[in-house]
Amino acid sequence: MPVDDVPTADGTLVEVARAAVAGSRARGGDGDWTVAVEGFWCTVRPPGRELPEQGWKLHVAAASTVACEVLAAVAAVLAADPCAFKFAADRERLHEINSRNSERGSAGKFITVYPDGDEQFLRLAEELHRATAGMPGPAILSDRPYRPGSLVHYRYGAFAGRALLGHDGAYRSMLRGPDGELVEDVRAATYRRPPWAVDPVEGTGSAAGTGQVPAQPGPEARRPAGVLLDGRWALTAALRHSAKGGVFLGTEPATGAEVVVKQARAHIEVDRAGTDARDALRHEAELLGRLADSGLTPRVHALVEQQDSLFLVQERVPGQSLGSWVAARLRRDGTPDVPWAEAGPMALALLDLVAGVHRRGLVLRDLSPGNVLVGPDGAVRLVDLELAVPAGTVAGNAGTPGYRAPEHSGPHRTGVADPGADLYALGGLLFLLATGHDPLLPDDLPSARPVADRLGRWLSLAARDGLTARRLAAPVLGLRAERAGHRWSLDRVRAELTGTPGPAPQPAGPPPLDRLLHDGLLHLAATAAPERRDRLWPTVPAGQLTDPCNVQHGAAGVLALLARASLAPLPEAARSRARATAATAADWIERRCAAEPVVLPGLHFGRSGTAWALFDAAEALDDPGLAERAAGLAAKVPLGWPNPDVCHGAAGAGLLQLRAHRATGARLFLDRAAHCARTLLAAARTEPYGTVWPVPADFDSALAGAVHLGHAHGVAGVGAFLLACADRMTDTGDAELFGPARELLAGAERAAQTLAATARWDGEAAWWPQSHGDPAHVRLAHWCSGSSGVGAFLVRFWQATGDEKARRLARAAGQAVLNGRWHSGVSACHGLAGNGEYLLDLARATGESRFEDGAHELAALIAARAALRDGLLVLPDETGTAGTPAYGTGTAGPLAFLLRLRHGGPRLWSDPEPYRATPPSRSGPQLPSSASPLPARPAGGPR
């Protein structure tokens with residue numbers, strides 16, 4: 001999806017609002033209004049007014065071009081009839097709201113008004129409608145329009161009610177019904193009304209028969225199969241929806257011709273200049289007409305206007321996107337690239353495609369894998385040309401991340417469309433063929449390093465194992481030059497591809513792992529914001545609504561890394577900084593936890609990981625009081641939880657109890673762990689392929705009904721806890737615990753048998769799907785779901801029991817991780833860091849150097865993606881374009897892997913042992929002795 005540059009932030013809108021309410025006291029107000037910019041929003045409140053928890057709210061939309069006029073009109077009405085409201089604080093934020101990239105349930109919501117009851121709601125709705133009549137703005141999909149065509153919309157929702165922490169670890173805005181029941185306030189792309197709420201406009205609780213227009217006019221508001229567009233085109237299916245509108249499949253019943261129909265909604269913006277999506281679609285139709293005889297694009301059938309939307313009907317071209325074509329050809333054999341026999345012809349076809357467009361005087365400006373269609377015969381065509389313009393045209397800056405040229409976003413930005421931008425994007429497509437990855441890297445700041453220092457390291461690593469990477473490395477680097485005038489021409493690229501191959505790229509030097517580690521710790525210290533109440537560190541978009549104290553997205557995972565780093569043999573400055581930041585983080589987490597009454601059990605999304613991190617911090621900081629408080633939190637974690645998994649549920653709570661027992665020696669925690677284990681054994685279900693632990697179908701969770709195999713949410717994680725609990729119970733030497741320990745070991749053995757039955761073999765590599773019934777091609781390699789996480793349990797099971805099948809499977813899981821190393825991000829949850837941790841586990845257990853060597857290779861792949869931020873090398877998070885700290889999805893997980901790779905020690909969140917800095921072992925297999933701490937298998941038990 002293209003992302004457009006946005007205007008520079010300014011305070012104009014805030015001043016408009018401030019001026020409108022400044023005189024309200026002179027008109028009879030009883031005090032001064034407060035005007036406060038709070039992040040994305042500016043909130044304006046009249047004096048002496050408290051917001052109710054929920055009610056009917058008003059939203060007012062506005063096109064960016066009339067933002068000041070709409071805000072002034074709305075603020076004047078609200079100053080006369082005082083009411084709290086908020087608005088997007090500047091034009092940059094309004095552009096985000098109106099952008100085609102906005103979430104559909106949020107698009108268009110420029111101003112939100114919070115009336116004090118139905119009477120004021122009705123007054124304000126009418127006055128705001130009149131005040132903004134005739135002004136342009138998008139429809140708001142989640143709301144009902146007050147009148148047809150009005151900028152004023154409304155819905156029932158939360159005002160100031162406290163967001164509640166849901167079972168999956170994310171905050172949810174809740175509504176309270178008349179009987180006290182809680183219902184989530186869902187901001188969907190369609191209008192929803194709680195059953196108890198009476199519509200104040202219609203005076204009824206039913207929307208039926210009111211005559212109101214739907215929130216989304218046109219076919220997107222109805223089933224596509226029931227829509228006949230312009231009396232001619234039958235829409236049969238929706239391919240996708242966005243804020244801009246839908247993309248549909250259809251037919252012409254009279255001829256049977258298959259078509260694709262693209263919708264553009266009014267006043268949704270497609271570039272920085274605020275270009276209306278309908279104008280962009282008309283422009284695309286014009287360009288498709290200019291290219292009609294080229295064979296490079298689909299043919300246009302019609303442009304149809306319906307209500308406030310425009311529809312482009314075009315020929316349906318069979319094929320798949322270039323991104324899908326590449327993904328289908330990547331192998332799981334340790335090579336990074338599309339085989340040269342297919343990649344070579346594709347590279348030449350892409351050159352021809354770009355050359356054909358440039359010969360007609362056009363610049364695409366958004367050449368990306370999603371906009372190139374590969375037909376069954378291998379021919380390529382362009383789709384989505386709405387950003388293309390004649391060369392030399394002054395146009396807004398636009399493009400897809402990873403493919404957008406620096407002159408569209410960087411210090412050399414220009415407003416003129418130049419063919420060099422397409423050359424840069426073409427280099428990105430060749431990089432995709434060479435590595436299987438989009439060329440996504442965080443920006444260097446304040447200035448970029450040469451491309452050879454960035455993509456060059458990544459390419460040189462790929463070129464060691466891939467012929468396509470060797471053949472395409474020079475063209476990629478030539479096309480990706482920072483300045484347009486320095487980029488290779490299409491003729492030079494063609495000569496390189498068709499002539500004698502040049503020398504292979506020189507191997508990259510040793511990765512700067514120690515610097516990455518030290519700089520990463522400094523970056524964590526520099527980016528902590530203890531003055532903020534919402535989050536100590538920023539996180540990826542998927543984590544912004546989650547508990548800020550958890551491991552996956554929050555501060556606990558970072559704290560655990562800092563605690564370990566403060567004890568590692570690092571330079572004194574790095575250790576001191578880690579220790580100081582850990583103290584700050586522990587204090588912030590304790591204060592934030594005290595303000596949250598909900599205690600969830602999961603290790604990664606709940607309080608179990610938080611308490612674990614506080615134990616680690618207490619040991620690193622030599623703080624007995626903190627350890628005592630961590631124990632108190634551990635004792636509050638619920639054990640009998642419907643979700644059995646590690647990340648969200650009971651197995652994670654059980655692992656914390658073992659960590660607490662190791663930290664305190666208190667029998668309470670061992671008893672709690674044993675109770676948790678017995679509960680999990682009782683929750684097991686037998687399927688034809690083995691024992692599983694499902695999430696109950698009626699549990700209030702996005703995982704309800706899930707039956708997973710992996711470590712995060714399934715069999716491997718539960719098995720790992722049962723095994724660890726059996727080990728700890730036996731370690732106590734208490735004979736009364738030997739019987740229960742055997743029972744738990746038997747449960748772990750059943751988990752291992754399930755994983756043996758569900759392995760998907762490919763030569764010497766074993767892969768696992770997320771669930772047993774997944775399609776045959778689903779083969780995953782990561783900690784969350786796949787070989788890395790499954791192997792993490794199996795290698796421990798083998799070490800504890802000597803089970804030969806588990807040993808074979810664990811090694812085969814390691815081979816899968818090695819084979820799939822090229823096609824991962826860097827994160828711990830589902831990326832190279834988590835996979836590297838498993839290779840270290842395996843190297844220690846087996847003594848095979850290939851696994852430790854593989855861990856070093858994964859570290860080099862991680863290092864190749866670092867950005868230079870104010871002199872510090874910073875790793876990317878799971879988005880590939882930012883460097884936010886977190887353990888599961890951010891930079892802390894990769895840094896924890898590098899710390900362990902360089903200085904040894906147990907794995908975070910798996911081994912409740914004290915940290916000791918020891919080099920990774922190459923001393924041979926650690927098989928159990930005859931004096932294994934685990935009891936013998938019970939008679940007649942699983943084998």
Side-chain angles (χ1 to χ4, degrees), residues 320-351 353-354 367-370 372 374 378 380 402-403 424-441 451-452 454-480 488 493-494 496-508 511 762-763 765 767 777 779 781 815-826 831-832 835 854 857-858 860-865 880:
Q320 61 184 149
S321 70
L322 179 64
S324 297
W325 184 89
V326 168
R329 284 157 179 78
L330 297 175
R331 297 154 295 176
R332 295 186 178 92
D333 61 358
T335 54
D337 45 15
V338 175
W340 180 246
E342 295 178 279
M346 178 55 66
L348 293 172
L350 293 171
L351 260 66
L353 188 71
V354 174
L367 178 62
S368 63
V372 176
V374 184
V380 292
Y403 299 87
Y424 187 88
L426 176 62
L429 297 182
L430 299 187
F431 182 87
L432 178 66
L433 296 176
T435 65
H437 285 271
D438 296 315
L440 284 172
L441 292 170
V451 66
R454 305 212 70 201
L455 287 183
R457 178 176 288 272
W458 195 343
L459 278 169
S460 66
L461 291 171
R464 294 185 314 185
D465 296 315
L467 173 60
T468 296
R470 288 196 292 275
R471 294 297 304 267
L472 294 181
V476 168
L477 296 179
L479 289 166
R480 299 284 289 192
W488 282 18
V493 175
R494 189 181 305 278
E496 178 73 20
L497 296 181
T498 57
T500 302
Q506 292 297 313
D762 183 4
W767 309 76
H777 69 273
R779 299 180 180 187
Q815 188 61 51
V817 167
L818 292 172
N819 288 354
R821 65 190 181 276
W822 290 105
H823 306 133
S824 294
V826 304
L832 294 168
N835 291 359
E857 184 164 1
L858 267 59
L861 289 174
I862 291 173
R865 303 180 202 183

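Numbers here simply count residues along the sequence, with the first being 1. Treat the numbers as computed from the prediction; the structure is a model and nothing was measured.
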A.B. asks: Tell me, please, which residues at least two apart from Ala462 pass side-chain contact (heavy atoms from CB on, under 4.5 Å).
C.D. replies: Pro336, Thr435, Ala469, Trp822
A.B. asks: Search all heavy atoms of Leu472 against all heavy atoms of Leu430 and return the closest pair with its distance.
C.D. replies: CD1-O, 3.5 Å
A.B. asks: So which atom in Asn835 and which in Ser824 form the shortest heavy-atom distance, rounded to 0.1 Å?
C.D. replies: ND2-OG, 4.2 Å
A.B. asks: What's the separation between atom CG in Leu351 and atom CG in Leu429, rounded to the nearest 0.5 Å?
C.D. replies: 10.5 Å
A.B. asks: Can you name the residues that form a salt bridge (charged side-chain N to carboxylate O under 4.0 Å, His left out) with Arg821, not counting sequence neighbours?
C.D. replies: Asp465, Glu857
A.B. asks: Is the closest side-chain heavy-atom distance between Pro369 and Val326 below 4.5 Å?
C.D. replies: no
A.B. asks: Please list all pairs passing the side chain to side chain donor-acceptor pair (under 3.5 Å) test where one or both residues lie in residues 338-351, with sequence neighbours left out.
C.D. replies: Arg329-Glu342
A.B. asks: Ignoring hydrogens, what is the shortest heavy-atom contact between Ala347 and Leu497? Give both atom names and the distance.
C.D. replies: CB-CD1, 3.8 Å
A.B. asks: Who pairs with Trp767 by ring-ring contact (aromatic ring centres under 6.0 Å, His included), at least two apart in sequence or on another chain?
C.D. replies: none
A.B. asks: As an exercise, state the distance from CG of Leu832 to NE2 of His823, rounded to the nearest 0.5 Å.
C.D. replies: 11.0 Å
A.B. asks: Mind checking side-chain hydrogen bond (donor to acceptor under 3.5 Å, both in side chains) for Arg471 and listing every partner two or more places apart, or none if nothing turns up?
C.D. replies: none
A.B. asks: Once side-chain hydrogen bond (donor to acceptor under 3.5 Å, both in side chains) is applied, do any residues pair with Arg331, and if so which ones, sequence neighbours excluded?
C.D. replies: Thr335, Asp337
A.B. asks: Could you tell me which non-hydrogen atom of Val354 sits nearest to which non-hydrogen atom of Leu367, and how far apart they are?
C.D. replies: CG2-CD2, 3.6 Å
A.B. asks: Test of understanding: with side-chain contact (heavy atoms from CB on, under 4.5 Å), list the residues that count as partners of Ser324, not counting sequence neighbours.
C.D. replies: Gln320, Ser321
A.B. asks: CG/Leu818 to CG/Leu858 distance, rounded to the nearest 0.5 angstrom?
C.D. replies: 7.5 Å
A.B. asks: To the nearest 0.5 Å, tell me how far Arg480 CZ sits from Leu426 CG.
C.D. replies: 10.0 Å
A.B. asks: What residues form a salt bridge (charged side-chain N to carboxylate O under 4.0 Å, His left out) with Asp333, not counting sequence neighbours?
C.D. replies: none
A.B. asks: Excluding sequence neighbours, so at least two apart, what forms side-chain contact (heavy atoms from CB on, under 4.5 Å) with Glu496?
C.D. replies: Ala474, Pro475, Trp488
A.B. asks: Restricting to non-hydrogen atoms, name the atom on Ala473 and the atom on Leu459 that form the minimum distance, rounded to 0.1 Å.
C.D. replies: O-CD1, 4.0 Å
A.B. asks: Tell me, please, which residues at least two apart from Thr498 pass side-chain contact (heavy atoms from CB on, under 4.5 Å).
C.D. replies: Leu348, Arg494
A.B. asks: In Å and rounded to the nearest 0.5 Å, what is the CZ to CG distance from Arg779 to Asn819?
C.D. replies: 11.5 Å
A.B. asks: Do you know the tightest heavy-atom contact between Ala349 and Val380?
C.D. replies: O-CG2, 3.8 Å
A.B. asks: What verdict does the side-chain contact (heavy atoms from CB on, under 4.5 Å) test give for Val338 and Met346, after you've listed the backbone C-alpha separation in whole Å, the side-chain angles of each residue and the deciding distance to 0.1 Å?
C.D. replies: CA-CA 10 Å; Val338 175; Met346 178 55 66; over 6 Å; no
A.B. asks: Can you tell me how far CG of Leu432 sits from CH2 of Trp325, rounded to the nearest 0.5 angstrom?
C.D. replies: 9.5 Å
A.B. asks: Tell me, please, which residues at least two apart from Phe431 pass ring-ring contact (aromatic ring centres under 6.0 Å, His included).
C.D. replies: Trp458
A.B. asks: Which residues satisfy the salt bridge (charged side-chain N to carboxylate O under 4.0 Å, His left out) test with Arg454, sequence neighbours excluded?
C.D. replies: Asp444
